[in-house]
Protein chains: 2
Amino acid sequence: MKSQSAEESRIAQLCVEHGLKMTGQRRVIARVLSDADDHPDVEELYRRASALDSRISVATVYRTVRLLEEKGILERRDFGGGRARYEATEGGRHHYHLIDVDNGKVIEFEDPEHEELMRRVAERLGFDFVSMRLELFGKKRPQPVKETKAPARARKKKEAGS
Amino acid sequence: MKSQSAEESRIAQLCVEHGLKMTGQRRVIARVLSDADDHPDVEELYRRASALDSRISVATVYRTVRLLEEKGILERRDFGGGRARYEATEGGRHHYHLIDVDNGKVIEFEDPEHEELMRRVAERLGFDFVSMRLELFGKKRPQPVKETKAPARARKKKEAGS
DNA sequence: CTAACTGCAAATATTTTGCTTGCCG
DNA sequence: CGGCAAGCAAAATATTTGCAGTTAG
């Protein structure tokens, strides 16, 4: 969560800068996206947006995320599970995702030197770096008995942590 | 393309090692996968497999790739475009993908130090490295007039190069 | 005023599944 | 043999789209 004030959300501002028409529903979706600090899929976005304003249809959410992705305001992610997930494009620093293969939980991490490395790779291949996507899959290493915490070994099928 | 001989394909061997039953259609799909040096989606796999043996249904291809992915023999990729793509898991060296945002073409590249870097990241976060996925998006940098070759600026919508 | 946007429902696209039959080990 | 696997078609998901009515700029 970020601003939450009555003023225009960060994403709404970007929409304006890109010359998009700011309708009521688009403003709501923009706020939901601006406030999200996870990686919601369309259904989840629809749920959150509906809570703020019930006059919104899923089709609009789909249309909006597609539009914002084309404009480079949003980035689509695929963490497995069939549905596309979205998160706001970050200006400078990129962050990456480590997915726990046992429960699908997503952990974010940064690695400053990484983007620079990728820029060089792209350049070496004759390309200008546009964007990147990095997903690391790992298995939680059994901690060397740190404290008294329940193991909690689950194995849900669908919908894992965002 | 790799072996092409009448003997068991590399992937078929892996199936056996994993205790999977080798049926006729599974053997054909395994051969197609072994021979592929690109990233076919299910429909393309189905097409290639059907060419070798018409008694194969798409459902079987779907079931097979899912099974092989679970066994770690195949890895699923998402290069955008809605369909999942597959490629055989590599033993040691990983390779990555640079996608040309202008035409969807995929260029493979390697970066030996990269996997080591990611292993360390996973470790730092308390995980054992299982696998990773890295997609780099770039725009072809206008070459400094190399030779006489047509520009060929296309902009296809669907189905781009594998 | 009009091009862009929305809702709704129908259309697509992709992947999964139920059920019966077949074949590997 | 016995159970895993395959075919086929229907079902389940996910996403897109046609059309008519709204609305931001």
Side-chain angles (χ1 to χ4, degrees), chain A residues 8 11-30 32 39-47 49-50 52-71 73-74 76-86 157-160, chain B residues 8 11-13 15-32 39-47 49-50 52-71 73-74 76-86 157-160:
Chain A
E8 211 72 314
I11 299 221
Q13 288 176 33
L14 287 170
C15 288
V16 173
E17 286 168 27
H18 282 264
L20 299 178
K21 206 181 264 193
M22 286 315 292
T23 66
Q25 21 296 67
R26 191 166 285 174
R27 210 181 310 274
V28 169
I29 295 171
V32 167
H39 319 86
D41 56 32
V42 169
E43 197 177 305
E44 177 61 23
L45 287 173
Y46 174 56
R47 206 170 0 243
S50 297
L52 298 183
D53 183 338
S54 58
R55 306 166 306 172
I56 288 178
S57 73
V58 240
T60 297
V61 179
Y62 271 107
R63 277 193 271 235
T64 303
V65 292
R66 180 144 61 106
L67 184 64
L68 299 201
E69 194 201 349
E70 281 166 11
K71 294 291 184 184
I73 297 173
L74 284 187
R76 188 190 339 188
R77 306 281 177 218
D78 162 50
F79 297 155
R83 296 118 97 130
R85 289 160 164 241
Y86 293 88
K157 199 76 183 185
K158 282 256 172 172
E159 208 52 55
Chain B
E8 211 72 312
I11 300 225
Q13 288 177 32
C15 289
V16 174
E17 286 169 27
H18 281 266
L20 298 178
K21 199 182 270 191
M22 286 315 293
T23 65
Q25 22 291 72
R26 195 167 281 176
R27 211 182 310 274
V28 169
I29 296 170
R31 150 117 320 126
V32 168
H39 319 87
D41 57 32
V42 169
E43 197 177 304
E44 177 61 23
L45 288 173
Y46 174 55
R47 205 171 1 241
S50 298
L52 299 183
D53 184 339
S54 58
R55 306 166 305 171
I56 288 178
S57 72
V58 241
T60 296
V61 179
Y62 272 107
R63 277 193 270 236
T64 303
V65 292
R66 180 142 63 107
L67 184 65
L68 299 202
E69 193 200 347
E70 282 165 11
K71 295 290 184 185
I73 297 173
L74 282 188
R76 187 189 342 188
R77 306 280 175 218
D78 162 49
F79 296 156
R83 300 118 96 130
R85 289 158 164 242
Y86 294 88
K157 200 75 184 186
K158 282 253 172 177
E159 208 53 54

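Order of the sequence lines sets the chain letters (A, B, ...), proteins ahead of strands, with each chain counted from 1. Remember, predicted model here, so these are calculated numbers, not experimental data. Quick note: numbers below take in every heavy atom, side chains included, and nothing from hydrogens, waters or symmetry partners.
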Applying side chain to side chain donor-acceptor pair (under 3.5 Å) to B/S50 and not counting sequence neighbours gives none
Select one nucleotide: of D/dT17, D/dG7, D/dA14, the one nearest the side-chain heavy atoms of B/S57. D/dG7
To the nearest angstrom, how far is A/D78 atom CG from C/dT14 atom P? 15 Å
Taking only side-chain N and O atoms of A/Q25, does any of them lie within less than 4.0 angstrom of OP1 or OP2 on D/dT22? no
Considering only side-chain heavy atoms of A/R66, which listed nucleotide, D/dA6, D/dT17, D/dA14, is closest? D/dT17
Can you tell me how far apart CZ (A/R26) and OG1 (A/T64) are? Round to the nearest 0.5 Å. 5.5 Å
Rounded to the Å, how far apart are B/E44 CD and C/dT15 P? 14 Å
Please confirm whether the shortest side-chain N or O distance from A/T23 to OP1 or OP2 of C/dT6 is below 4.0 Å. yes
Nearest listed nucleotide, side chain of B/K21, among C/dT6, C/dT14, D/dC4: D/dC4
Find the distance A/R27:CZ to C/dC5:C1' and express it as a whole number of Å. 13 Å
Interatomic distance, A/R47 CZ vs D/dA14 P [rounded to whole Å]: 11 Å
Per atom distances to the B/Y62 side chain, the nearest of C/dC8, D/dG7, C/dT14 is C/dT14
Atom CZ of A/R83 and atom P of C/dT15 are separated, to the nearest Å, by 15 Å
Using whole Å, report how far CD of A/E43 lies from C1' of D/dT16. 17 Å
Would you say the side-chain atoms of A/R27 pair up with the backbone N or O of A/M22, donor to acceptor, closer than 3.5 Å? yes
Check the distance between C/dA4's P and A/H18's NE2 and give it to me in whole angstrom. 17 Å
Separation between CZ (B/R77) and CG (A/D78), nearest 0.5 Å, reads 11.0 Å
What's the closest nucleotide to the side chain of A/A59 if the choices are D/dC8, D/dA5, C/dA9? C/dA9
Closest to the 5' end of DNA chain C, once B/R55 and A/V61 are matched to their nearest nucleotides, is A/V61
Among the nucleotides D/dA5, C/dC5, D/dA14, whichever has the atom closest to the side chain of B/L20 is D/dA5
Is B/R55 reaching over with its side chain to a backbone N or O of B/Q25, donor-acceptor style, under 3.5 angstrom? no
Of all the nucleotides listed (D/dA6, C/dT14, C/dC5), which has the minimum atom distance to the side chain of A/R26? C/dC5
Value in whole Å for how far the P atom of C/dT14 lies from CZ of B/R76: 15 Å
Contact class for B/R63 vs. all strands (heavy atom < 4.0 Å): base, sugar-phosphate, or nothing? base
